[in-house]
Protein chains: 2
Amino acid sequence: MTSTEPSGGLRPTPQRQAVLDALSGVDDFRSAQEVHELLAGEGSGVGLATVYRALALYADHGLVDVLRREDGEAIYRRCSETHHHHLVCRTCGATVEVEGPAVEKWTSAIAAEHGFSDLSHTLEIVGTCADCQGR
Amino acid sequence: MTSTEPSGGLRPTPQRQAVLDALSGVDDFRSAQEVHELLAGEGSGVGLATVYRALALYADHGLVDVLRREDGEAIYRRCSETHHHHLVCRTCGATVEVEGPAVEKWTSAIAAEHGFSDLSHTLEIVGTCADCQGR
DNA sequence: TCGCGGTTGACAATGATTCTCATTCTCAGT
DNA sequence: ACTGAGAATGAGAATCATTGTCAACCGCGA
């Protein structure tokens, strides 16, 4: 049971590395399309379909986080593998990772109260960050 | 400042009523497409574009809740106008509305700590309900 | 009754995501 | 190092939710 492989125990192809590197190089969320453009701009020539496949694969294995923009477009971010939430600025897109033991406990309690098990949850906070408030 | 009109102070056209009625008739989330089919099945003949417009309008006015399915499709539900969250069964789709003062406070505190203002947040809990656990 | 702004419906357009399939590459075993 | 089997890739077509366009329509006040 390999638990902490460099790339999550997945076959390390150049294309997948490129996708992961692209995500690692920025600290906010990017859509699959944006990652593709980013790679194209570097001459990587990685196909769009491959970007989608790689992102889905990594998301499956917990190496990247997936969220949805308000318009439904999926956005991805390389992140720590521990459970956490995001605080996102609606103007500039800046993202802060936050942990919330209080929330974890609350959700568990509520779910148990209603007989739910095998839980997962999503919490996103959207707001206007300090820098964008005057604008 | 009309605060509790029957239809949120919006012009009550037959089409909009039909959309709202369709949503009121079920107690879980439905996509715009599903609402449209539902209406078509009753012979209402309401256009798809109109369904989208009505849903967007009601969502804007807080008469319906909007979420995203995992595949990104938007789903809507008629619900109370107070802020609340949802506990959803991943197997049967059953939905429970829950309130979480603790969560509200926590998000405000975290956001303030990082200088964010004008907040909104989304929290969804997905799990397996008691009825679906043995299956 | 007439005119007007808001609403509707049919259909085209958009855009993200997925599928297809022939080609290419990786990995394990020899 | 060589080879076969199966996974991965790229290009483009296909899918599908959602939005835009625009002419026809409706109810309401003048």
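Everything quoted here is computed from the prediction, not taken from an experiment. Lettering follows sequence order; numbering is per chain, from 1.
Residue pairs meeting the ring pair (Phe, Tyr, Trp, His ring centres under 6.0 Å) criterion with at least one member in residues 21-56 of chain B, sequence neighbours excluded, are B/Phe29-B/His86.
Taking atom CZ on B/Arg69 and atom C1' on D/dT18, their separation rounds to 14 Å, with Å as the unit. Put simply, OH on A/Tyr52 is 16 Å from P on D/dA11, counting in whole angstrom units. In this structure, A/Leu48 places its CG atom 18 Å from P of D/dA8, rounding to the nearest Å. Computed from coordinates, the A/Glu70 CD to D/dT18 P distance equals 15 Å when rounded to whole Å. As rounded to whole Å, 12 Å separates atom P of D/dT9 from atom CG of A/Leu55. What separates CZ of B/Arg68 from P of D/dA17 is a distance of 13 Å, to the nearest Å.
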Quick one: side chains of residues 94-104 of chain B, donor-acceptor pairs under 3.5 Å with protein atoms, not counting sequence neighbours, listed by atom name and distance.
unit_1   : atom_1 : unit_2   : atom_2 : d
B/Thr95  : OG1    : B/Gly93  : O      : 3.2
B/Glu97  : OE1    : B/Ser80  : OG     : 3.2
B/Glu104 : OE1    : B/His121 : NE2    : 3.2
B/Glu104 : OE2    : B/His85  : NE2    : 3.1

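Of the inter-residue distances, the one linking B/Arg69 atom CZ with B/Ser31 atom OG reads 5.0 Å to the nearest 0.5 angstrom.
Looking at B/Arg30, its side chain never comes within 3.5 Å of a backbone N or O of B/Glu34 through a donor-acceptor pair.
A/Val66 and A/Leu23 fall within the same hydrophobic cluster, defined by Ile, Leu, Val, Met, Phe, Trp and Tyr side-chain heavy atoms under 4.5 Å apart, directly or through other members.
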With sugar-phosphate taken as primed atoms, P, OP1 and OP2 and all else as base, the protein-contact string of nucleotides 21-30 of chain D at under 4.0 Å (heavy atoms; B, S, -) is B---------

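Nucleotides of DNA chain C lying under 4.0 Å from heavy atoms of chain B occupy a range whose first and last members, 5' to 3', are C/dG6 to C/dA10.
Using a 4.0 Å cut-off on heavy atoms, none of the residues of residues 26-44 of chain A approach DNA chain D.
Donor-acceptor pairing under 3.5 Å is lacking for the side chains of A/Gln15 and A/Thr50.
Remark on the helix from C/dT1-D/dA30 to C/dT30-D/dA1: inter-end axis angle 30°, axes from five-pair C1' superpositions, rounded to 10°.
If B/Asp71 and B/Gln15 are placed on DNA chain C by their nearest nucleotide, the residue sitting closer to the 5' end is B/Gln15.
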